[in-house]
Protein chains: 2
Amino acid sequence: MHSYTEENYLKAIFNLSAEKGEVSANEISVQLKLKMPTVNSMMKKLAVKKLVHYESYKPIKLTEKGKKEASLIIRKHRLTEMFLVQKMGFGWEEVHEIAEQIEHLQSPIFFERIDALLGYPKIDPHGSPIPDKTGKMEWIKYEKLSSCKAGDTVRLAAVIHTTDEFLKFLNIRGLQLGLKIKIKFVEKFDSSMIVSYNKSNTEMLSETECERLLVEKI
Amino acid sequence: MHSYTEENYLKAIFNLSAEKGEVSANEISVQLKLKMPTVNSMMKKLAVKKLVHYESYKPIKLTEKGKKEASLIIRKHRLTEMFLVQKMGFGWEEVHEIAEQIEHLQSPIFFERIDALLGYPKIDPHGSPIPDKTGKMEWIKYEKLSSCKAGDTVRLAAVIHTTDEFLKFLNIRGLQLGLKIKIKFVEKFDSSMIVSYNKSNTEMLSETECERLLVEKI
DNA sequence: GATTTATGTTAGATTTGTCTAAGTTATAAT
DNA sequence: ATTATAACTTAGACAAATCTAACATAAATC
Ligand SMILES: [Mn+2]
Ligand SMILES: [Mn+2]
Ligand SMILES: [Mn+2]
Ligand SMILES: [Mn+2]
């Protein structure tokens with residue numbers, strides 16, 4: 001259907017425009033490590049295919065069709081990550097690069113089987129929702145750890161803006177999804193937090209770190 | 001390292017030249033469904049990369065380097081097929097197309113893990129040997145069922161020239177690797193065989209079918 | 001408001017992998 | 001030995017995805 005390359009553009013646009021609903025050509029070029037004119041000509045091509053709305057000098061938006069296509073690739077990506085962690089024993093910091101390749105496989109039965117073997121999971125190993133077969137996806141309304149107060153007890157529900165390094169950082173501290181965390185103290189000057197979990201562990205987390213951890217209050 | 005396209009050429013050349021040690025440009029073009037000039041220019045390119053020996057109007061041979069590269073791709077292909085069958089519940093007739101894509105993934109840890117989870121298998125689901133990490137592969141010296149005589153009892157060891165259709169044909173008859181087969185009768189005119197197995201089953205197999213079944217005598 | 005800077009566009013070149021059309025060489029048939 | 005056929009090669013075109021260099025527009029700064 002679409003080329004490997006086009007799929008990566010769709011996914012990049014989808015992710016970059018998640019908050020604002022639109023994205024600049026420049027941001028796409030940074031994300032995909034391509035020069036601006038390359039992005040520019042691809043936008044024209046995707047516009048012809050009715051995957052993006054494109055007008056000169058204006059930000060780029062995905063069409064409904066584009067959003068659906070992107071979601072279905074993200075579905076394959078996240079199902080793959082879950083399979084790699086749950087069924088193949090990889091760490092959550094190892095799976096993104098592999099999924100980045102497997103997401104482009106053309107084989108409905110392969111992803112059907114993964115889905116079934118996993119018991120039709122709703123989230124990936126980082127807590128992100130897995131779009132359904134029609135491309136629909138909904139984020140459960142978690143809040144950022146950074147927006148919680150001293151005394152709150154929360155459960156770690158998702159990690160956003162994941163990088164392998166940040167995930168390794170969490171590994172070292174024994175921080176994993178589902179963990180019950182108690183906020184002991186919030187430093188006023190830099191908004192860093194002292195948190196405790198697993199009965200014994202106590203750790204300091206910087207504001208940037210707390211911004212990337214989504215939690216549910218309990 | 002090499003492109004997806006180049007990898008498919010290497011594999012095609014390796015497989016087509018397995019018996020004679022060389023292959024014509026025409027055979028490659030048929031196998032890969034490409035026109036002759038396309039193959040011709042790729043041969044020049046692969047020759048520059050020292051992956052094939054190429055001289056005008058002569059058959060094509062892989063260099064040692066080319067053989068090794070091809071074997072390592074075949075290794076990934078066969079490990080994948082074994083994983084799909086053993087760990088994901090696919091039938092042996094479903095896995096080739098998927099493996100055809102996964103074999104191109106660039107991720108040593110992914111194939112390492114598959115290998116480990118399978119317990120370092122020596123053969124794929126069709127009985128073909130899996131090359132080792134250095135690209136070495138050896139066929140155990142099986143014989144074709146077609147070369148056996150009435151009265152022989154054999155064990156089904158491998159299926160060659162597999163197609164999904166032939167594998168489904170074997171499925172329907174309950175013929176699978178490891179099965180003990182007794183040759184009841186060999187028809188002189190067309191070399192078809194009457195065989196029995198699993199205590200009750202009796203089937204007639206044509207010569208073409210018997211040519212594709214490798215067995216070990218017991 | 002004018003100027004500078006950042007962002008976006010156009011034009012043209014390049015690489016990879018494919019094709020068709022035309023010509024060449026080798027093999028098979030007469 | 002000619003001729004016909006099949007296999008192979010060359011030449012030139014093309015689409016996809018990228019780039020650089022030059023130009024245009026929008027935004028930010030002065
Ligand atoms: Mn990921
Ligand atoms: Mn990708
Ligand atoms: Mn196969
Ligand atoms: Mn392949």
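So that the names make sense, note that chain A is the first sequence line, chain B the second, and so on, each numbered from 1.
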S.K.: Using whole Å, report how far NZ of B:Lys35 lies from C1' of C:dG23.
M.R.: 18 Å
S.K.: Are the side chain of A:Glu6 and the backbone N or O of A:Ser3 linked by a donor-acceptor pair below 3.5 Å?
M.R.: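 Such a contact is found between A:Glu6 side chain and A:Ser3 backbone.
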S.K.: Considering every strand and a 4.0 Å limit on heavy-atom distances, what is the contact class for A:Tyr4: base, sugar-phosphate, or nothing?
M.R.: nothing
S.K.: Can you tell me how far apart CG (B:Asp152) and NZ (B:Lys217) are? Round to the nearest 0.5 Å.
M.R.: 4.5 Å
S.K.: Tell me, please, which residues at least two apart from A:Lys50 pass salt bridge (charged side-chain N to carboxylate O under 4.0 Å, His left out).
M.R.: none
S.K.: Take the protein atom CG of A:Asn8 and the nucleotide atom P of D:dA16, then report the distance between them rounded to whole Å.
M.R.: 17 Å
S.K.: To the nearest angstrom, how far is A:Leu32 atom CG from D:dC19 atom P?
M.R.: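 Whole-Å distance recorded here is 10 Å.
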S.K.: Output yes when a side-chain donor or acceptor of B:Ser128 lies under 3.5 Å from a complementary backbone atom of B:Asp124, and no otherwise.
M.R.: no
S.K.: A:Asp115 and side chain to side chain donor-acceptor pair (under 3.5 Å): which single residue from A:Lys133, A:Arg75, A:Lys76 fits?
M.R.: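 When A:Lys133, A:Arg75, A:Lys76 are each tested with A:Asp115, the side chain to side chain donor-acceptor pair (under 3.5 Å) holds only for A:Arg75.
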S.K.: Yes or no on side chain to side chain contact (heavy atoms under 4.5 Å, CB included) for B:Thr80 and B:Glu103, after CA distance, side-chain angles and deciding distance?
M.R.: CA-CA 7 Å; B:Thr80 299; B:Glu103 69 190 359; 5.7 Å; no
S.K.: What is the separation between atom CE on A:Met43 and atom P on D:dT18, rounded to the nearest whole Å?
M.R.: 10 Å
S.K.: Would you classify B:Thr38 as touching base, sugar-phosphate or nothing, given that sugar-phosphate means primed atoms plus P, OP1 and OP2, and contacts are heavy atoms under 4.0 Å?
M.R.: base
S.K.: What string of B, S and - do you get for nucleotides 4-11 of chain D, 5' to 3', if B is base contact, S is sugar-phosphate-only contact and - is no contact with any protein heavy atom under 4.0 Å?
M.R.: ---SBBBB
